[in-house]
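Just below is one structure, and these are the notes that go with it.
To find a chain, count down the sequence lines: A is the first, B the second, and so on, and within it residues start at 1.
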2 protein chains.
Amino acid sequence: MAARHEEIAEELRQAIDREDYTVGSLLPAETELAAHYGVSRGTVRQAVAALTAEGLIGSRQGARRVVLAGRRSQSFTELCSFAQWAHTMGREASGHVLSSAYRPATPEDSARLQLPPGAPVLHILRVRGLDGERVLLERTVYAHWIAPAVERIEPGCPSVTQRLYEDEGLVFAYGEHLIDAVAAGAQDAELLGVRRTSPLLRVRRVTTTREGRPVEWSDDRYRSDAVSFSVHNSTGINALARKTGPAVS
Amino acid sequence: MAARHEEIAEELRQAIDREDYTVGSLLPAETELAAHYGVSRGTVRQAVAALTAEGLIGSRQGARRVVLAGRRSQSFTELCSFAQWAHTMGREASGHVLSSAYRPATPEDSARLQLPPGAPVLHILRVRGLDGERVLLERTVYAHWIAPAVERIEPGCPSVTQRLYEDEGLVFAYGEHLIDAVAAGAQDAELLGVRRTSPLLRVRRVTTTREGRPVEWSDDRYRSDAVSFSVHNSTGINALARKTGPAVS
DNA sequence: TCCGGCTACTTGTCTGAACAAGTTGGGCCT
DNA sequence: AGGCCCAACTTGTTCAGACAAGTAGCCGGA
């Protein structure tokens, strides 16, 4: 937290959280904030841009910024590991590896992980819990260049992401997530302790290093009674497109 | 598309889509792009910041930017109506109102829509289709100040959002979405044409005007075999936090 | 050969300024 | 009273420059 604009963003977040600015009220003007914090307008703009991206405040040309949301939930647009996520909610994450095996990469594997076809990839089946209750079933495929480090981790490690950072300096920086719902199969039901055909929230994801190199891809199934995701969004430039663009069917 | 930085962002998006820059390759340096487009570095930075937010490219201090994703899917972080969404996928949206009734606002309604308790709110039950196939069941509650305009819309209108813009100049600018999975109930099953207990993707959302005024909130249930959502994300400052912060359990 | 440091390059941060474009509210005119 | 217009305010866009901080590749020494 060295950058001044991040400090200011954090102060504003806390002020909103404290309800110094209530939902629906207006933020001070950029020039006022700039004078208050003793920085230039550009720096203030960087700070409020962050809050806008998070969906905390709304922005339009000519009008003061408005506070949209108060309590800040763990948003999906912030990538973090299961253990981190649990931590921010004040709960304790656990994990347990059920199976671990090398197989040659299928065409799907090599496409997603940008590997040559047939390269050995590590398949891991892992159950994860929140405060001891099983909530998530992970079927993960790791690229061969990280697989040995993954194998070295003990089966009950609560945060694989954390361990890979500590041991290898590997940071999971980017993710793409595909979300849908599926019915629990026989294996899902048994391992998660739910009835067959129970609805599960499925997240298929690919995770990438800071260099843009894919590390793993995974099929994660969450017990929908225990977990849900939140997403903030906005039209951005789309409002303009809707004004001038062709009619939408 | 007046702003120069948006034009540049769009050109870069198309270049990535055309695979002038393939996935995993490096983008030109900011100074090169600035010289190429004849703008200052700040303008280029705005353009690439947009692509970074969309998850198309990755960025780290000291190293050139890297292309992360190629084909651009309809991301969840772009708020758009069901009809717009269908349009971008080249499919045709339809809609049909099944019931419409005023009720006094429950405490939940008044909290979500920022209305006085007991204000009349309009409940609408609507089935929506993609190319004629039923895929979505919407249970929406509209605030009293927009309800008359909603009632005036014919029951078969494919895009309520579009109509509210045309008739009232109302733009849905911000949204908050809560995503989970549920089993289809009796009514869900009948209206969507699926078996009871089929998994459905549920999205509970609140939509807000540009001024930050809540317009509607809705419980949307999607047939999970027909629809899925995608989300890009990144660690942002979290990579730093992970370095210096306390151990994560 | 391998490891170290050094250097050139690249992105991140911040400033101060100027103008464009949109919003809001008050005052004036009808 | 109602409606219109304008003026003050606010955010959006863009520029040019300076320095900080991190990366990657080159080169030399052990």
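If you measure from atom CD of A:Glu6 to atom C1' of D:dA21, you get 14 Å, rounded to the nearest angstrom. The distance between atom CD of B:Gln61 and atom P of C:dG12, rounded to the nearest whole Å, is 7 Å. Between A:Ile8 atom CD1 and C:dT15 atom C1' there is a gap of 13 Å when expressed in whole angstrom units. For the pair B:Glu30 CD and D:dT23 P, the interatomic distance rounds to 16 Å; values are reported in whole Å. Atom CG in A:Leu27 sits about 13 Å away from atom C1' in D:dT10, given to the nearest Å. Counting to the nearest Å, the C1' atom of C:dG12 and the CZ atom of A:Arg4 are 17 Å from each other. Per the geometry, CD belonging to A:Glu211 stands 15 Å off P belonging to C:dT11, to the nearest Å. B:Gln46 places its CD atom 6 Å from the P atom of D:dT14, with the value rounded to the nearest Å.
Both B:Pro28 and A:Val44 lie close to DNA chain C; mapped to their nearest nucleotides by heavy-atom distance, the more 5′-ward contact belongs to B:Pro28.
Distances were taken from every side-chain heavy atom of A:Arg210 (C-beta onward) to each of D:dC15, D:dT11, D:dT23; the shortest belongs to D:dT23. In the set D:dT11, C:dT24, C:dT13, the nucleotide with an atom closest to the side chain of A:His5 is C:dT13. Looking at the side chain of B:Arg60, the nearest of the listed nucleotides D:dC15, D:dT23, C:dT11 is D:dT23. Listed candidates were C:dT15, D:dG12, C:dG12. Nearest to the side chain of A:Arg41 is D:dG12. You'll find that the side chain of B:Ala63 is closest to D:dT23, out of C:dG12, D:dT23, D:dT11.
A:Arg45 comes within 4.0 angstrom of a nucleotide base, judged by non-hydrogen atoms across all strands.
The phosphate of C:dC9 (OP1 or OP2) has no side-chain N or O of B:Thr31 nearer than 4.0 angstrom. Here A:Thr43 does not reach the OP1 or OP2 of C:dT13: none of its side-chain N or O atoms lies under 4.0 Å away. Under 4.0 angstrom from either OP1 or OP2 of C:dC9 there lies no side-chain N or O belonging to B:Arg65. Contact annotation: A:Arg64 side-chain N/O to D:dG12 OP1/OP2 distance is not under 4.0 Å.
For the residue pair A:Ser218 / A:Glu216, no side-chain donor-acceptor distance below 3.5 Å is found, with atom types taken as modelled.
Looking at heavy atoms from C-beta onward, B:Arg13 lies in side-chain contact with B:Leu56 at the 4.5 angstrom threshold.
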Quick one, B:Glu108 with B:Thr106, criterion side chain to side chain donor-acceptor pair (under 3.5 Å). Give me CA distance, side-chain angles, the key distance, then yes/no.
CA-CA 5 Å; B:Glu108 190 181 13; B:Thr106 65; 4.8 Å; no
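Not one N or O on the side chain of A:Asp17 forms a donor-acceptor pair closer than 3.5 Å with the backbone of A:Gln14. A side-chain donor-acceptor contact under 3.5 Å links A:Ser81 to the backbone of A:Gln84.
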